[in-house]
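Have a look at the structure below before the remarks.
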Amino acid sequence: MVKAWAAELAGLYSQFDEVLSTTLPGAPENPCETCRNCCSYPIHLQVSALERDFIKEQAPPGTCREEAFIAFINRAAGESGSPAKVCPHYDCEGMKCLIYLWRPLCCRMFGHVPFRSVGKGCPYGASPARQGTWKRVEALVQAFSALRLQYYRACRDSLTPLTAMDFLIMGNVSLDEGDPRKAFLLYDEALQRFPDSALVRSYQARKYELMEHLPEAEREYRAAIALDPEEPVLLVKLGFVKYGMSDFQGAVVLYREAIRRDGSNHMAWANMGLAFLSLNEYEHALDAYEHALALEPSPTLLIMKGNILDCLARSEEALEAYQGALALDGEDLLAHMCLGKIHRKLSFPEKARFHYEKAMALAVDEGVKKMMEGELATLALPC
């Protein structure tokens with residue numbers, strides 16, 4: 001079943017190994033032989049049908065003990081410690097991973113997720129560069145997720161969901177195909193089978209968000225956080241729910257806690273900036289956006305920064321921020337609109353005209369086009 005995807009998956013594995021190996025120069029071919037302390041990154045739920053089928057096809061006969069493997073990945077997140085106790089593919093006598101060449105992505109990324117700890121005896125734990133690789137592999141993670149989704153979409157009629165990940169991804173496929181009812185039923189079945197999974201609880205919260213039932217979404221995110229208190233992404237998502245409930249101060253508290261656990265989470269900084277903006281705390285909002293931009297520059301964040309600077313009557317700095325947004329994306333509609341506005345405020349009518357005309361050309365929405373026509377007509381009036 002997996003043959004059509006095997007070459008692409010193997011290629012992604014190779015790219016991961018190439019990037020991640022830079023953090024352990026001179027490491028043995030199989031560093032899993034060097035200690036008996038597994039990283040605490042929760043391997044449960046992270047192994048999809050694509051990777052399970054890949055291991056069964058690629059590993060030597062008898063290596064993949066599927067029943068033990070499924071039982072292992074369906075356990076709670078607290079599994080860590082000696083590989084002999086945890087991993088069904090670990091050779092206790094030979095002290096090595098039996099599927100090292102075909103190991104799933106979660107194994108390859110052990111020790112490289114910045115907010116997860118590693119075993120004290122693990123060579124990855126001593127590498128100061130390990131956290132810095134996380135940003136470098138994000139594109140590969142996205143490519144892997146896309147391939148995995150393709151596999152479930154193509155093979156779902158022949159797949160029997162066995163793990164929470166199976167149910168959740170099959171739900172995502174249904175959601176992408178415009179069938180939320182079927183997606184929600186799959187999320188619900190995952191909850192019935194795996195009630196102690198933080199990931200499953202977060203999908204329940206997502207379901208309620210899509211239904212616009214925010215109190216229920218808050219309840220489920222809090223349940224997920226109770227199960228996995230070290231996951232900052234859950235705090236960011238709960239913060240966004242609190243923001244949607246107009247509890248801006250509550251959102252700020254959650255974003256700050258997420259940042260305390262992972263200061264490199266740019267979404268926590270960006271969302272905190274938005275919450276501060278809603279509280280009219282412009283200086284705090286500006287500081288939050290500066291941190292977000294340092295981590296992940298984007299036109300949207302620069303435009304938000306420019307808007308705050310404009311509100312603070314710092315027009316020249318606002319102009320610089322809007323120009324920075326346009327430098328990242330020359331076709332950004334909102335950047336052109338903001339540049340038209342700020343140039344007009346700074347008494348540069350010709351530059352304002354240029355950006356308003358560009359915005360009108362880029363606009364699809366008729367309301368935006370009429371707005372730009374109005375701005376251009378105002379510029380044509382005599383002073």
Side-chain angles (χ1 to χ4, degrees), residues 2-32 38-55 57-59 73 87 89 97 99-118 122-125 127-155 163-166 168-169 172-173 176 199 202 231-233 236-237 262-268 270 292 294-298 328:
V2 77
K3 289 181 180 178
W5 286 266
E8 191 171 351
L9 181 59
L12 284 171
Y13 282 165
S14 178
Q15 292 178 68
F16 271 112
D17 288 344
E18 182 180 350
V19 173
L20 300 181
S21 66
T22 60
T23 67
L24 255 187
E29 182 182 6
N30 184 346
C32 298
C38 279
C39 306
S40 65
Y41 186 77
I43 194 173
H44 79 298
L45 306 174
Q46 303 298 320
V47 183
S48 64
L50 170 62
E51 292 185 292
R52 295 199 308 271
D53 290 344
F54 181 80
I55 293 170
E57 287 192 7
Q58 300 293 321
I73 62 177
C87 184
H89 296 312
C97 171
I99 59 164
Y100 186 73
L101 294 176
W102 307 280
R103 67 202 189 283
L105 181 62
C106 57
C107 295
R108 293 168 192 269
M109 294 183 67
F110 267 2
H112 294 282
V113 180
F115 48 86
R116 300 291 178 181
S117 61
V118 295
C122 181
Y124 283 98
S127 172
R130 68 182 180 87
Q131 292 190 9
T133 61
W134 178 238
K135 287 292 181 185
R136 297 171 57 195
V137 302
E138 282 188 320
L140 290 171
V141 170
Q142 292 176 4
F144 169 79
S145 297
L147 180 66
R148 183 178 62 186
L149 195 62
Q150 289 175 27
Y151 187 72
Y152 278 88
R153 185 173 284 119
C155 306
T163 68
M165 180 62 80
D166 293 336
L168 298 178
I169 297 181
N172 289 347
V173 169
D176 289 344
L199 185 59
S202 74
E231 174 58 85
V233 174
V236 174
K237 291 181 176 180
D262 176 20
S264 65
N265 191 312
H266 79 279
M267 286 304 298
L295 294 165
E296 193 80 24
S298 77
L328 291 176

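Because the structure is a prediction, the values reported are computed rather than measured.
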Distance from Met267 atom CE to Asp262 atom CG, nearest 0.5 Å? 13.0 Å
A side-chain contact here means heavy atoms from C-beta on lying under 4.5 Å apart; do Asp53 and Tyr151 qualify? yes
Would you kindly say whether Glu51 and Tyr13 are connected by a side-chain donor-acceptor distance under 3.5 Å? yes
Quick one about Asn172 and Tyr152 (side-chain donor to acceptor, distance below 3.5 Å, no hydrogens or angles considered), yes or no? no
Between the side chain of Asp176 and the main-chain N/O of Val173, is any donor-acceptor distance below 3.5 Å? no
Answer whether the closest heavy-atom distance between the side chains of Phe54 and Ser48 falls below 4.5 Å. no
Is there side-chain contact between Ile99 and Pro104, with at least one heavy-atom pair below 4.5 Å? yes
Student check: side-chain heavy atoms of Arg103 and Ile55 closer than 4.5 Å: no
Going from CD on Glu8 to CG on Leu147, what distance comes out if it is rounded to the nearest 0.5 angstrom? 4.5 Å
Locate the shortest heavy-atom distance separating Ala270 from Ala292; write the atom from each residue and the value. N-CB, 3.7 Å
Side-chain heavy-atom pair Arg52, Asp166 within 4.5 angstrom cut-off: yes
Show the nearest heavy-atom pair for residues Ala143 and Leu12, with the distance to one decimal. CB-CD2, 3.9 Å
Is there a donor-acceptor pair closer than 3.5 Å between any side-chain N or O of Ser145 and the backbone N or O of Val141? yes
For Ser14 and Gly11, indicate whether the former's side chain and the latter's backbone hold a donor-acceptor pair under 3.5 Å. no
NZ of Lys237 to CD of Glu231, rounded to nearest 0.5 Å, is 8.0 Å
Looking at side-chain heavy atoms only, is the closest gap between Phe144 and Leu9 below 4.5 Å? yes
May I ask you to test the Met165-Val47 pair for a side-chain heavy-atom distance under 4.5 Å? no
Would a 4.5 Å heavy-atom cut-off, applied to side chains only, mark Val236 and Asn265 as touching? yes
